[in-house]
Amino acid sequence: MKKLTFIALILFYTLCMAVAQKNPNRFYEDGNPNGNPVQGLYVDSKEGLRARTAPSLNSDKICTFRYGEYVWITEIGEKATIDGLTAPWVRVLINDETGWVFGGYLASECPMSEKELLAYIRKNKALNADYFPKGNGINYMREGSDKWDESSAEYSKSLENFCCEYNKSERGIIVRDCLFLKDGAASIPPQLGFLKAGSKVVLNRVSGYGIKDKILFPIYSVMLEEKDQSSRNVYGLVRGIDIAGGVNASTVSDGKGGNLWMVYQSALKYVTSSENGTSKKNIDDVLNNCWTYEGAGLRGGYELINVVYFNAAGKTFNIPISEFGEISRWISEHVGHTYGNPRIEYPLNMKNPVPFVILYWYYGGQGGGTFGRKIYTLDTTGGRASLNHICDYEYADTDGGPTGMGYHYFTSDGVKTYVFVHECEGITDNMMSCYVQKPSNSYSFVHEESYQHEPYGWSKPLKVGQYVNPNCRLKLRTSPSLNADKINTIRGGTLLKIIEVGKKATIDGVDANWVKVKPVNKAYFVEGYDFTESGWVFGGYLE
């Protein structure tokens, strides 16, 4: 009996192997052109494909499969010639039952491109699918396998794994409208739907890997934060090429009840197939290793590959990475062209605020190194994003060498940077630089002056509801007094909102009110703790 079953399987697979004669993906009389055992095929008829109760055009119609839909095959029947095509009739699964379709309109690969699939699924309901469709240059390694769909599994860089112990990022953000392979049920096959850019997902685990444009990426098993119509959680797969980890996102208030978002994707430049191979075990070992990320972060091992901006209305803009330029001439000469981590800022204390992009970068080792910032305004006029460079600043902070700090803050009409560096022989840098917004173009700034001086305080009126920026590190206290307990130290440039105005005081020769403030956006103290509570600061150092 086992021998007969084996022979039957051989005959079944033989019917499903060959070289195509017309459309190279069509299921013609010679079977599956890829030479692999057939589990299912895609409908390659724009009018759809009728399933019938028997392998005959005269039999009753059961349903119509849609263009691009994946159908599961249970049996290969007799050949027929219909519409000039010679191919076998094929029995396929239809929920818990079966039906017959003509194989001349079945293909081994999805007939629609990814762009066409997304457009189609937006207008229609989800399509039955076996997995993510392949296209030119796309390979997949599925869960439970150590083999790629195609043999040419080469990659020149890799996206990081946000589910590994090092990252511990429980959430991800969809960076572009993308395909979502929804989990099936007992009688319902998996379905291809789509997720809109900006959607939030909960990352559960890595389910496999893919390669697209020679970039290796994890395929994540995720749960949608939105539930279905039955209030049940929705699970499925999302490709890592379409997702950014929550750690790679920043958001700020627009002051009107909305938020501006920025997310970015960066690739590990030195995780390549030539270095790490293509086996799942080797890839897992590398992308779960803490040193993979620590070393890349310290030594410029990341390459920025995608940055997306979401305005308060939810419209997305791709930011041209080429406009960031070199982060540092010295680093470019020694380690090649590299990028840092971009963050969005929106200075509500400016009279005419516009979005700013701050590119943070670092190069060094565990004992410290060089820190740098590049500041741009983000202009989306005309529906296209462009960066307008304002300034750069950098400083050294090391163990046993130069010790420094640097930050920027916004004023009512511009942005200022401050850098301080101290070495054994004394202060080597103590520079303030001022850039003023042009009245004729709010996205353009001009350098007004630079001088060797730290930020200074000055008297000014302050009121409840006002947005302010501290121009230096300020101690947050439990009450309006220098004798009050210190909560923590606020970083220079942290956007604050005044919620109470207290008594006047004279400190460092400056007359100003104490004010109670709270952070507007997600912020951190100098000590590294989350800045969430409100407290009192002296108002003479607020811009």
Thr380 side chain to Arg384 backbone, donor-acceptor under 3.5 Å: no

Val446/Tyr435 under side chain to side chain contact (heavy atoms under 4.5 Å, CB included): CA gap, chis, key distance, verdict: CA-CA 5 Å; Val446 294; Tyr435 303 84; over 6 Å; no

Sequence neighbours left out, cut at 3.5 Å: what donor-acceptor pairs do the side chains of residues 305-317 make with other protein atoms?
from, atom 1, to, atom 2, distance (Å)
Asn306, ND2, Gln265, OE1, 3.1
Asn311, OD1, Ala313, N, 3.0
Asn311, OD1, Gly314, N, 3.1
Asn311, OD1, Lys315, N, 2.9

Side-chain donor/acceptor of Gln191 to backbone N/O of Leu127, under 3.5 Å: no

Heavy-atom neighbours of Lys200 NZ exceed 12 at 6.0 Å: yes

Heavy-atom closest contact (Ser450 atom, Ser433 atom, distance): OG-OG, 2.8 Å

Full working for side chain to side chain contact (heavy atoms under 4.5 Å, CB included) between Leu179 and Ile121: CA-CA 9 Å; Leu179 296 172; Ile121 293 172; 4.0 Å; yes

Spacing of Ile490 atom CD1 and Leu476 atom CG [to the nearest 0.5 Å]: 4.5 Å

Backbone of Val510 reached by a side-chain donor or acceptor of Ser459 within 3.5 Å: no

Arg122 charged N/C atom sitting above Phe194 aromatic ring, 6.0 Å / 45°: yes

Val515 and Leu542: CA distance, side-chain angles, deciding distance, side chain to side chain contact (heavy atoms under 4.5 Å, CB included) verdict: CA-CA 10 Å; Val515 290; Leu542 299 177; 3.6 Å; yes

Residue pair Arg343 / Met262, side-chain heavy-atom distance below 4.5 Å: no

Side chain to side chain donor-acceptor pair (under 3.5 Å) between Tyr264 and Asn248, intermediate numbers included: CA-CA 6 Å; Tyr264 68 90; Asn248 291 355; 3.2 Å; yes

Donor-acceptor contact present, side-chain Tyr363 to main-chain Gly297, <3.5 Å: no

Backbone of Glu449 reached by a side-chain donor or acceptor of His447 within 3.5 Å: yes

Non-hydrogen side-chain atoms of Trp514 and Arg477 separated by less than 4.5 Å: yes

Enclosure of Tyr529 OH (heavy-atom neighbours >12, cutoff 6.0 Å): no

Lys374/Glu394 salt bridge by N-O under 4.0 Å criterion: no

Aromatic ring pairing Phe356/Phe445, orientation class (parallel under 30°, perpendicular over 60°, tilted between): perpendicular

Smallest separation among heavy atoms of Asn352 and Ser442, with atom names: ND2-CB, 3.1 Å

Heavy-atom side-chain proximity of Asn471 to Tyr456 below 4.5 angstrom: no

Side-chain H-bond candidate by donor/acceptor type, Asn259 with Tyr346, under 3.5 Å: no

Closest non-hydrogen atom pair between Thr398 and Thr403, with its separation: O-OG1, 3.9 Å

Side chains of Ser207 and Glu143, donor plus acceptor under 3.5 Å: yes

Interatomic distance, Arg176 atom CZ to Asp242 atom CG [nearest 0.5 angstrom]: 5.0 Å

Contact check, side chains of Thr251 and Ile344, non-hydrogen atoms, under 4.5 Å: no

Side chain to side chain donor-acceptor pair (under 3.5 Å) assessment of His408 paired with Tyr393: CA-CA 9 Å; His408 61 274; Tyr393 65 96; 2.8 Å; yes

Step-by-step side chain to side chain contact (heavy atoms under 4.5 Å, CB included) determination, Lys475 to Ile487: CA-CA 7 Å; Lys475 292 182 175 63; Ile487 298 172; over 6 Å; no

Test item: Leu117 and Tyr120 side chains (from C-beta on) under 4.5 Å apart, heavy atoms: no

Asp485 side chain to Thr478 side chain, donor-acceptor N/O pair below 3.5 angstrom: no

Asn204/Tyr235 under side chain to side chain donor-acceptor pair (under 3.5 Å): CA gap, chis, key distance, verdict: CA-CA 10 Å; Asn204 295 322; Tyr235 296 88; over 6 Å; no

Nearest heavy-atom neighbours spanning Asp254 and Gly257: OD1-N, 3.4 Å

Beyond-backbone contact of Ser481 with Trp536, side-chain heavy atoms, under 4.5 angstrom: no

Lys460 to Trp458 six-membered ring, cation-pi geometry met (6.0 Å, 45°): yes

Donor + acceptor pair across side chains of Tyr541, Asp508 (<3.5 Å): yes

Backbone N/O of Cys163 and side chain of Asn161: donor-acceptor pair under 3.5 Å: yes

Let me have the donor-acceptor pairs involving side chains of residues 211-220, under 3.5 Å, with sequence neighbours excluded, atom names and distances please.
from, atom 1, to, atom 2, distance (Å)
Tyr220, OH, Glu160, O, 3.2
Tyr220, OH, Phe162, N, 3.0

Whether Thr489 side chain and Val526 backbone form a donor-acceptor pair below 3.5 Å: no

Rounded distance [0.5 Å steps], CD1 in Ile375 versus CG in Leu387: 13.0 Å

Aromatic plane relationship, Phe420 with His422 - under 30° parallel, 30 to 60° tilted, over 60° perpendicular: parallel

Side-chain donor or acceptor of Glu116 paired with backbone N/O of Ser113 under 3.5 Å: yes

Distance in Å, Leu118 CG paired with Lys196 NZ, rounded so as to fall on 0.5 Å steps: 11.5 Å

Short side-chain to backbone donor-acceptor contact, Arg491 and Phe525, under 3.5 Å: yes

All ring-ring contact (aromatic ring centres under 6.0 Å, His included) counterparts of Phe371, not counting sequence neighbours: Tyr362, Tyr395

Nearest heavy-atom neighbours spanning Ala385 and Leu378: CB-CD1, 4.0 Å

Residues, nucleotides or ligands: over 12 heavy atoms within 6.0 Å of Gln452 CD: yes

Nearest-0.5 Å distance that lies between atom CG in Asn276 and atom CG in Asn289: 10.0 Å

Residue pair Phe180 / Leu192, side-chain heavy-atom distance below 4.5 Å: no

Side-chain touch Lys463/Ile498, heavy atoms, less than 4.5 angstrom: no

Side-chain H-bond candidate by donor/acceptor type, Tyr418 with Asn430, under 3.5 Å: yes

SB check Lys522 Glu345 (cutoff 4.0 Å): no

Distance-only side-chain donor-acceptor flag, Arg239 / Tyr140, under 3.5 Å: yes

Exam field: side chain Asn469 to backbone Gly493, donor-acceptor pair closer than 3.5 Å: yes

Thr532 side chain to Asp530 side chain, donor-acceptor N/O pair below 3.5 angstrom: no

